[in-house]
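One structure below.
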Amino acid sequence: MRSGHGTTAGGVDREVTDATYDLVVIGLGSAGLTAARLAADQLGLRVAAVERDRIGGDCLWTGCVPSKTLLASARAAHTVRTADRFGVAGSEPSVDLGAVWERIHDVQDGIAVDEDSADRLRAIGIEVVFGTARLTGPHDITVDSDRGARHLRAAFVLIATGSRAAVPPIPGIDAVDVETSDSFFAAPPAAGPLAVVGGGPVGVEISQAMRRLGLPGTLVEMAPHLLPREEPELADRLTEVLRADGVDVRTSTGVDRVEARDGQVIAHAGGEPIVASTLLVATGRNPNVEHLGLDRLGVDLDGDGVVVDGRNRTSLRNVYVVGDAASGRPAFTHTAAYDAGVAVRDMFFPGAGRPSSTIPWSVFTSPELARVGLTEAEARARHGDRRVRLHQRELAGNDRARAEDATQGVVRVVTAGRRIVGAHVLGPGAGDVINEFAIAIDRGLTLHDLGAVVHVYPTIATDAGRVGADGQLSLARRLRPAARLTSWRHRRRVS
């Protein structure tokens, strides 16, 4: 047994035994993996990581990876179907959903083996423990598994247990087979119409993908617009793209009840029956926190997860929570991974880590719709009408978009005073372009700063620079009298 004395980050001596760790991570999704690797591999700390299901979490098995792999297949089918746009003979593609799902699983398995395997974690010194973890004290964790219970003790605990799909209490829904994003990627859906309830990113992406792969579909959303968190005009533009693809989009429509009939699911929405072979519910997620025993330790929870402070700490200052399990933080994979790194830095270098308030995100439809910062309405509410300006470039004038027949989008920037406070991109690669604006907002840059940077031509991002250049041209017009005076003086010298 290894024994002796060590020191916590706060400088307090503690006894070290085989069951004592610098950090115990609960949950090995994107956030937990980031934290465990940083602490063990980079900082050389003693780390144990607990996982009750599969390493990789929602992102690998039910979220980002399978959905983006599905979208890639849908994009390929759409290209074949519409190839005549490019002078190539197009045709209706022959889609094998079984092969599409096989590719999804191959991509997942490849990532699991190459990056997220228990053996790889153990190779960098992380002890991987499988089972269900619960806290029995601020520094004590009990892991229950088929092999019995095991006790771990740690200076710090990081909870990254993610979330699960929420199913709304629609009358009759308990009596029918319902898919959620947690189950949809396990096997191909039945050949036949798909009905999707919920017009957020998951519902929109899957609706478009499956329609392009040949399944008729209906998308139902209670709000007046799909993607209610986005700029309404841009969400409406994307809605028209989905309708052009053949998706039956119904907004301002709720599902009153569902029933099973003759092997089909009938969703009654807005007084009309929607007949489907598969019903997918994509109406949000619930945090996985009930089994952790936090309430018994006096840790504050609300309906959105565990309450944390500005450093991702709970009311137990050595217990941190990140990702979907943390209340008030955006539920994105990239945010969870970022916050996990911040939490580890804050544990062992107190005050060194602060969660970011500048969070970009993207809906990976075709075209993509990405956002960072404020919408125009949010900016006006926060900064006042007089200070807020809207600047935009339509992709109809972008040479790259014209070459690729992808002119349906726009680059839109919101400023308050001189600073950029929001940006929205609808177009190819919007999820990549938006990162430039995230840096601009995070660093307090202006349109002038953006326009002063040389952008590669021809790219969609060229219009990011052009939005900034438009601001410079506006300044140039105000400087016309000074320019004319300088020119007049020089003309006098040479005349």
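Position 1 is the first residue of the sequence; numbering continues from there.
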* Which pair of heavy atoms, one from Met210 and one from Pro189, lies closest together, and at what distance? -> CE-CG, 3.7 Å
* Counting only heavy atoms not in Arg85, do more than 12 sit closer than 6.0 Å to its CZ atom? -> yes
* Are a donor atom and an acceptor atom from the side chains of Thr239 and His225 found within less than 3.5 Å of each other? -> no
* Between the main-chain N or O of Arg212 and the side-chain N or O of Arg81, is there a donor-acceptor pair closer than 3.5 Å? -> yes
* **Flag for Gln264-Ser277: side-chain donor and acceptor within less than 3.5 Å** => yes
* Does a side-chain heavy-atom distance below 4.5 Å link Ser145 with Arg150? -> no
* Non-hydrogen side-chain atoms of Tyr320 and Leu23 separated by less than 4.5 Å -> no
* To do: Could you tell me whether a side-chain N or O of Arg120 sits under 3.5 Å from a main-chain N or O of Asp114, the two making a donor and an acceptor?
  => yes
Throw together a table of side-chain donor-acceptor distances under 3.5 angstrom for residues 32-41, partners on residues two or more places apart or in other chains.
residue, atom, partner, partner atom, Å
Thr34, OG1, Ser30, O, 2.8
Arg37, NH2, Glu115, O, 2.3
Arg37, NH2, Asp116, OD1, 3.2

* Asked: Is there a donor-acceptor pair under 3.5 Å between the side chain of Gln208 and the backbone N or O of Asp245?
  -> no
* Give a yes or no answer on whether the side chain of Ser207 reaches the backbone of Gly203 with a donor-acceptor pair at less than 3.5 Å. => yes
* **Salt bridge flag under 4.0 Å for residues Arg382 and Glu378** => no
* **Sequence-distant partners of Gln408, side-chain hydrogen bond (donor to acceptor under 3.5 Å, both in side chains), two or more places apart** => none
* Asked: Do side-chain atoms of Thr314 reach the backbone of Val319 as a donor and acceptor pair under 3.5 angstrom?
  -> yes
* Any side-chain heavy-atom pair of Ser67 and Phe185 under 4.5 Å -> yes
* Asked: Roughly how far apart are Asp339 CG and Ile359 CD1, rounded to 0.5 Å?
  -> 6.5 Å
* Asked: Is a side-chain N or O of Arg402 found less than 3.5 angstrom from the main chain of Ala396, in a donor-acceptor match?
  -> yes
* Checking Ser183 side chain against Thr180 main chain: does a donor-acceptor pair fall under 3.5 Å? -> yes
* Quick one: CD1 on Ile439 to CD1 on Ile434, what's the gap to the nearest 0.5 Å? -> 11.5 Å
* Any sub-3.5 Å donor-acceptor pair from Glu231's side-chain atoms to Glu233's backbone N or O? -> no
* **Rounded distance [0.5 Å steps], CG in Asp463 versus CZ in Arg412** => 13.5 Å
* To do: Supply the atom-to-atom distance Leu238 CG to Leu369 CG, rounded to the nearest 0.5 angstrom.
  => 6.0 Å
* To do: Name all residues meeting the salt bridge (Lys or Arg N to Asp or Glu O under 4.0 Å) criterion together with Asp304; count only those two or more places apart in sequence or in a different chain, and write none if there are none.
  => none
* Do the side chain of Asp302 and the main chain of Gly305 share a donor and acceptor less than 3.5 angstrom apart? -> yes
* Got a sec, which residues hit ring pair (Phe, Tyr, Trp, His ring centres under 6.0 Å) with Phe184, two or more places apart in sequence or on another chain? -> Trp101
* **Heavy atoms of other groups near Asp174 CG, more than 12 under 6.0 Å** => no
* Structure fact -> Nearest heavy-atom contact between Ser366 and Val241 is O-CG1, 3.5 Å
* Asked: What's the verdict on side chain to side chain contact (heavy atoms under 4.5 Å, CB included) for Gln108 and Asp106, showing C-alpha distance, side-chain angles and the deciding distance?
  -> CA-CA 5 Å; Gln108 290 174 309; Asp106 285 346; over 6 Å; no
* side-chain hydrogen bond (donor to acceptor under 3.5 Å, both in side chains) against Arg211, all qualifying residues, sequence neighbours excluded -> none
* Asked: Between Thr82 and His78, is there a donor-acceptor pair closer than 3.5 Å when you use the side chain of the first and the backbone of the second?
  -> yes
* Looking at Ile26 and Ile141, what are the two nearest heavy atoms and their distance? -> CD1-CG2, 4.3 Å
Review item, side-chain donor-acceptor pairs of residues 162-173, under 3.5 Å, at least two apart:
residue, atom, partner, partner atom, Å
Ser163, OG, Arg285, NE, 2.7
Ser163, OG, Asp324, OD2, 2.6
Arg164, NH1, Pro287, O, 3.1
Arg164, NH1, Asn288, OD1, 2.9
Arg164, NH2, Glu290, OE2, 2.7

* Asked: Any Lys/Arg nitrogen of Arg237 or Glu240 sitting under 4.0 Å from an Asp/Glu carboxylate oxygen of the other?
  -> no
* Asked: With a 4.5 Å heavy-atom cut-off, do Leu227 and Pro201 have their side chains touching?
  -> yes
